[in-house]
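Right, one structure below, let's go through it.
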Amino acid sequence: MDTTTLITTPFDELRYRLVAERTVAVEDARVGVTVSALVARREAEPARLRERILGVLTRFIAAEWSVALTRRAADPAGYERVAVRAYARVPATEVFNLDARARAAGVEGVALSQIGVDYTLPPERVSAIVHELRGELLAQVQDHIADYEARTGRAWRIGCVDFGVDDAAAHRRTAKGAALDVGEDGGTGAEAAGAERVKLVAEVTLRG
């Protein structure tokens, strides 16, 4: 979408702004959950404990879980209290009744709590979309050059293209200069995922 065209003086340079957007359906989410375990010290060997925790997490949601932020503290009764934060990216269709499912997945000595859901697009997917948007903008510029040459009778070339120029500070921004904005869908689970809009702005300078 060509939003603004400005011809500078002298007439040896053309400057204008282009915007490309892509609305992407959010198909998965990053789920975080705290696992609290009370284990006998003889059962607190890391590999064995990890296997027990992953078993509970898999009953909660079948996914590839990563575990971080382990906290361990001795209990006066001869047990050890362990708390870890676990994360997994799961299909949006799996995000439902999480509190009830977490209670059902727990076993004696192991409980799940503090569930969080993040529907933000993963960085690698955003990067791929931004790359595609850059290509779309460059293709538009090439079309514009042909049009401007026909209109002015002069040859034009790309002098500069600055990607990611955007004054909308309210948007979340990517490392590649694109702006992210969540969709407006509400609800829970797959309905809450909605869509996310990726917006890339480019300042174009053509030189004659």
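FYI, side chains are in, hydrogens and waters are out, and symmetry mates aren't considered; it's all heavy atoms of this structure.
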Holding to salt bridge (Lys or Arg N to Asp or Glu O under 4.0 Å), I want the full list of residues that pass it with Arg50, two or more places apart in sequence or in another chain.
none
What distance do Arg81 atom CZ and Leu38 atom CG have between them, rounded to the nearest 0.5 Å?
5.0 Å
Rounded to the nearest 0.5 angstrom, the CG-OG1 distance for Asp147 and Thr152 is 9.0 Å
Nearest atoms (heavy-atom pairs only) where Val19 meets Lys199
CG1-CE, 3.8 Å
Value for CG (Asp28) from CG (Asp118), rounded to nearest 0.5 Å, stands at 10.5 Å
Side-chain contact test, heavy atoms from C-beta onward, threshold under 4.5 Å: evaluate it for Ile61 versus Val33 and give yes or no.
no
Taking only residues two or more places apart in sequence, or in another chain, which ones meet Glu64 in a salt bridge (Lys or Arg N to Asp or Glu O under 4.0 Å)?
none
Nearest 0.5 Å, what's the CZ-CG distance between Arg103 and Asn97?
9.5 Å
Matching residue for Leu112 among Val35, Leu98, Ile53, Asp99 - test: side chain to side chain contact (heavy atoms under 4.5 Å, CB included)
Val35
Do Val204 and Ile158 have side-chain heavy atoms sitting under 4.5 Å apart?
no
Minimal heavy-atom distance between Gly32 and Tyr87, with the atoms involved, is CA-CD2, 3.7 Å
Are Arg101 and Phe96 packed together at the side-chain level, in the sense that at least one heavy-atom pair is separated by less than 4.5 angstrom?
yes
Value rounded to 0.5 Å, distance of CD in Glu27 from CZ in Arg125:
5.0 Å
Determine yes or no for a side-chain-to-main-chain donor-acceptor pair under 3.5 angstrom, with Gln140 supplying the side chain and Leu18 the backbone.
no
Heavy-atom closest pair, residues Glu136 and Ala20:
OE1-CB, 4.3 Å
Contact check, side chains of Val130 and Phe163, non-hydrogen atoms, under 4.5 Å:
no
Less than 4.5 Å apart, side chain to side chain, heavy atoms only: is that true for Glu196 and Val126?
no
Is there a side-chain contact (heavy atoms from CB on, under 4.5 Å) between Val24 and Ile129? Walk through the geometry before answering.
CA-CA 9 Å; Val24 184; Ile129 294 170; 3.4 Å; yes
Give the minimum heavy-atom separation between Trp156 and Glu149, together with the two atoms involved.
N-OE2, 2.9 Å
Check Trp65 against Val31 and note the closest heavy-atom contact, atom names and distance.
CZ3-O, 3.8 Å
Is there a side-chain contact (heavy atoms from CB on, under 4.5 Å) between His144 and Leu14 once you walk through the steps?
CA-CA 11 Å; His144 294 165; Leu14 292 173; over 6 Å; no
When rounded to the nearest 0.5 angstrom, what is the spacing between OG1 in Thr205 and CD in Glu13?
5.5 Å
For the student: nearest non-hydrogen atoms of Leu200 and Arg134, plus distance:
CD2-CG, 3.5 Å
Around atom CD of Glu124, are there more than 12 heavy atoms of other residues, nucleotides or ligands at under 6.0 Å?
yes
